[in-house]
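Proteins get letters first, then strands, A, B, ... in listed order; numbering begins at 1 in each.
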There are 2 protein chains.
Amino acid sequence: MRNRPITIRDLALKLDVSISTVSRALRGAPEINPETKTAVLSLAKELNYQPNVVAQSLRNKKTNTIGVVVPEIEMSFFSSVMSGIQEMARSHGYRVLFTQSNECYQEESHNLDTLLQSRVDGILMSISRETSNTEHIQKILRTKTPIVFFDRTPHGVPASKVIVDDRDGAYKAVSYLISTGAKRIAHIGGPRNLEIARNRRKGYIDALSEFNHPVGEHLIVHCEHLKEDAVEATKILLGQEEIPDAIFCINDPVAIKVIQTIKDKGFRIPEDIQVIGFANDPVSEVIEPPLSTISQPSKAMGRAALKLLLDQLTDENDFQPKTQLMETELLLRGSTL
Amino acid sequence: MRNRPITIRDLALKLDVSISTVSRALRGAPEINPETKTAVLSLAKELNYQPNVVAQSLRNKKTNTIGVVVPEIEMSFFSSVMSGIQEMARSHGYRVLFTQSNECYQEESHNLDTLLQSRVDGILMSISRETSNTEHIQKILRTKTPIVFFDRTPHGVPASKVIVDDRDGAYKAVSYLISTGAKRIAHIGGPRNLEIARNRRKGYIDALSEFNHPVGEHLIVHCEHLKEDAVEATKILLGQEEIPDAIFCINDPVAIKVIQTIKDKGFRIPEDIQVIGFANDPVSEVIEPPLSTISQPSKAMGRAALKLLLDQLTDENDFQPKTQLMETELLLRGSTL
DNA sequence: CTGAAAGCGCTTACAG
DNA sequence: CTGAAAGCGCTTACAG
C-alpha cells in the first residue's frame, strides 16, 4: 500500500481556505496575505508537502525536464559531458531524463520518441556512429522542441551545437608530429558519416599538405566501429612494406588499442612509432607510455550545451542556431618525441 | 512558437467520435469496434500522434519513471551500472531520471526530494561517501516509494540491495597475497562510514588472522576521500621503517594512484611491493604493470537492481527486502606475483 | 486578499 | 460498442 502524498487540497482542508489560496501561498504569489502565507508554508513543511510536478507540468505545459541522448555512457567522454549537463541542469531547476543509443540508429530514434512523449522541454544529443540519415531529428525539429547537439553533430540540421574545432585539433596534432621529423604519418579515422571524423581527417590532410608531406590513401584506415576495429586497423598499417613512423588516431580509446597492438608487435613507442589520440581520456595518462592527445573540455561542453538549450528555451521566438566552439589543447606525453 | 502537439481530442474531432473512443482505440481496449480502432490508429500514425505521458502519469498515478542517485557518473563503476539500469529500464518501458550526489550528503538529500516531487515509481541508489545518517532515506521509506540500493548501501535500512560479497572478495585477494609469500600486507581502506569499506577491511583482517599473520593498525590507512587521499596514504605506508611487501586497496581508482606513487618512489611492482585493487576498472588492465583486482559485474548489478525494483513494484503488498549477492572474481595480472 | 471555476490531456466507471 | 462525466493535482483569469 503506497502512502497517498499530501496535496494542496489536504492543506486547504486543514487550514479551511481554498486550494487557490494554498497554491498562491506556496508559489509566493504577491497578492497573498502574509499571515495566510506563513500558515500555509508552515503546515506544508510540517506535513512534508512535496508539490506534484506531474500535475504542475501538465498544467504549465512545461516539464522542467531535459532529455539526453548519448551513444554510450560508458565512454568516459560522454559520462563526463553528462556530469556537466547534470550539474548545470540541477542548478537551474531542471531534471535530466537519460537515454543511450548504444551506437544504434534504431535505438536513437526510439529514444527521441520517448523524450517527445515525455514532453521534455528540450533535448541534448550526440549522434550514434550509425546515424547518417536525419529523419528522426527532422521529426523533433517539426515539433519545435529545442535540441542542441554536442560533439557528434548531424550534417545539415539547423540546430545549435557545442563542438571543438576538430579540424584544428587534428591539425595541431599532425603539425607537431611533422615538427618532430616524422615522415610517414598515418591516420586511423572514425566512422565516415560522423562529421567529427571527417573534420579530424581534414585537419590531418591539411597539415600534411601544408608541409608538403605526401598524402597517401594507404596511410589512412577507417574504424567504422571505433575501438572495436582498432586492433585490426593497426595491423593493416604495421603490415605494409614501409611502416608508419607516427599514427594520429581518431580518439583515445582507439589510440589505447593502437599502443597495445604496436607494443605486442615489438615496436617501440615513440622511438619507432609515435602515437597521438584525441579527447584526453583518463586512461591516456596511465598507459605506458602515456598518450599524447588533444584535450577537449568535456564537462564544460556539457554545461555549455545545456546553457545554449536554456537560452533557446527563454527566447523561442527569435531563435538563431548558434555554434559554440570550445578550446582544444595539444597535450604532449610519452607517446610522442 | 512551439507547435501544439496532437491530442486525442484532435483525433476525436477529425473522426467525429468521442475522446473516450479514441482513448480506447489507442490503448487497445477490448470493447472497441475493429473498424473504429483501425481508423483511429491510422490517423494517429498519419499525424504522428505522441501520447502525452505527463497526462497519463497524472491520471494513472504512475509515471513509469525510475530515479537514480549515484555518487559520481564519472567513476567508471557507476557509469557501467547506469548503463545496465538504462538498458533494463528501456526494455521494460521505464524512463530514467538521472542525478548524482557528487559524494555530498546535501546534494544526495536534495536529489531524493527532487525524485519524490517527480513522483518516480521507484528509486535506485548508491550512497555518497559522506552519508552515515539516513534521515533522508527514512523520508523516502515513509512515503513507501520503493527504493533499492546497489554497491554502497546504508546501514540498517530495510530495503532491497544488490551487492557483491565484499568481505569475501577482499578475503580472496589477501589470501592470494599470502599464498605468494607476502609477509607485510597493508590495506588502504575507504571511508569508514561505507559498509563496503568496512566489509573489505574485514575480509582483509579475516584472511590475515586465518593464516596467523599479524594484524597491525599501522598497516591500515583509510582514504576518507578515496582516490584524492591515495597518494598521501601510499606515502605514509612507504615512509615506515619496514615497508609493506603488498597492498590491498579499497578500489581500483585508489590502486592506480598507489601504483603510480610506488613507481615514483623507485620501488618495483610486483617484486618489491604487490598491489591488488577492487572493481576491475578499465584503467586497471592498461596501467603498467596491469593491476590485479577483484572484478564486479557492474552492468549486471545495474540490471539486477532495476529488476528487484520492478518486482517490488509488482507486489507492493507482500514486500520483503531482498539482498542479491553477485559474484566476484580474483583477476590476476602483473601487479602481483 | 480570497474563492469558484475552468482547464491542462488523459482514463475509466457508468449508462445506454 | 460508444459517449458523457468525473477526476488525477495543479494554476490562474475572473469576480468579488
**OP:** Could you measure between the two C1' atoms, the one in C:dT12 and the one in C:dG16, and give it in whole Å?
**Re:**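 Per the computed distance, 16 Å lies between those C1' atoms.
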[X] with [Y]: basic N within carboxylate O range, under 4.0 Å:
X: B:R152; Y: B:E195; value: no
X: A:D151; Y: A:K161; value: no
X: B:K14; Y: B:D10; value: no

Original post:
Dot-bracket for DNA chain C, 5' to 3', counting Watson-Crick or G-U wobble pairs under 3.5 Å, with [ ] for crossing pairs and | for inter-strand pairs?
Top reply: |||.||||||||.|||
Subject >> Residue that, paired with B:E108, satisfies side chain to side chain donor-acceptor pair (under 3.5 Å) out of B:T131, B:T99, B:N102 >> reply: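 Looking at B:T131, B:T99, B:N102, the match for B:E108 under the side chain to side chain donor-acceptor pair (under 3.5 Å) is B:T131.
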Starting from [atom2] on [N], measure out to [atom1] on [X] and report it in whole angstrom.
X: A:I8; N: D:dT12; atom1: CD1; atom2: P; result: 11 Å
X: B:R119; N: D:dG9; atom1: CZ; atom2: P; result: 8 Å
X: B:K62; N: C:dC10; atom1: NZ; atom2: P; result: 18 Å
X: A:R27; N: D:dC10; atom1: CZ; atom2: P; result: 12 Å
X: B:L11; N: C:dC10; atom1: CG; atom2: C1'; result: 12 Å
X: A:R9; N: D:dC10; atom1: CZ; atom2: P; result: 12 Å

Original post:
Taking protein heavy atoms under 4.0 Å as touching, what does nucleotides 1-8 of chain C look like 5' to 3' if B marks base contact, S marks sugar-phosphate-only contact and - marks none?
Top reply: BBBBBBBB
Under 4.0 Å between a side-chain N or O of [X] and OP1 or OP2 of [N]?
X: B:Y49; N: C:dC10; value: yes
X: A:S23; N: D:dC10; value: no
X: A:Q56; N: D:dG9; value: no

Shortest non-hydrogen contact between [X] and [Y], atoms and distance:
X: B:I32; Y: B:A25; result: CD1-N, 3.9 Å
X: B:T134; Y: B:P154; result: CG2-CB, 3.9 Å
X: A:F150; Y: A:L124; result: CE2-C, 3.9 Å

Original post:
A:S298 and A:S80: side chain to side chain donor-acceptor pair (under 3.5 Å), yes or no, with the steps?
Top reply: CA-CA 6 Å; A:S298 45; A:S80 179; 2.7 Å; yes
**OP:** Drop me the distance from B:R129's CZ to B:S132's OG, to the nearest 0.5 angstrom.
**Re:**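 Here the rounded value is 13.0 Å.
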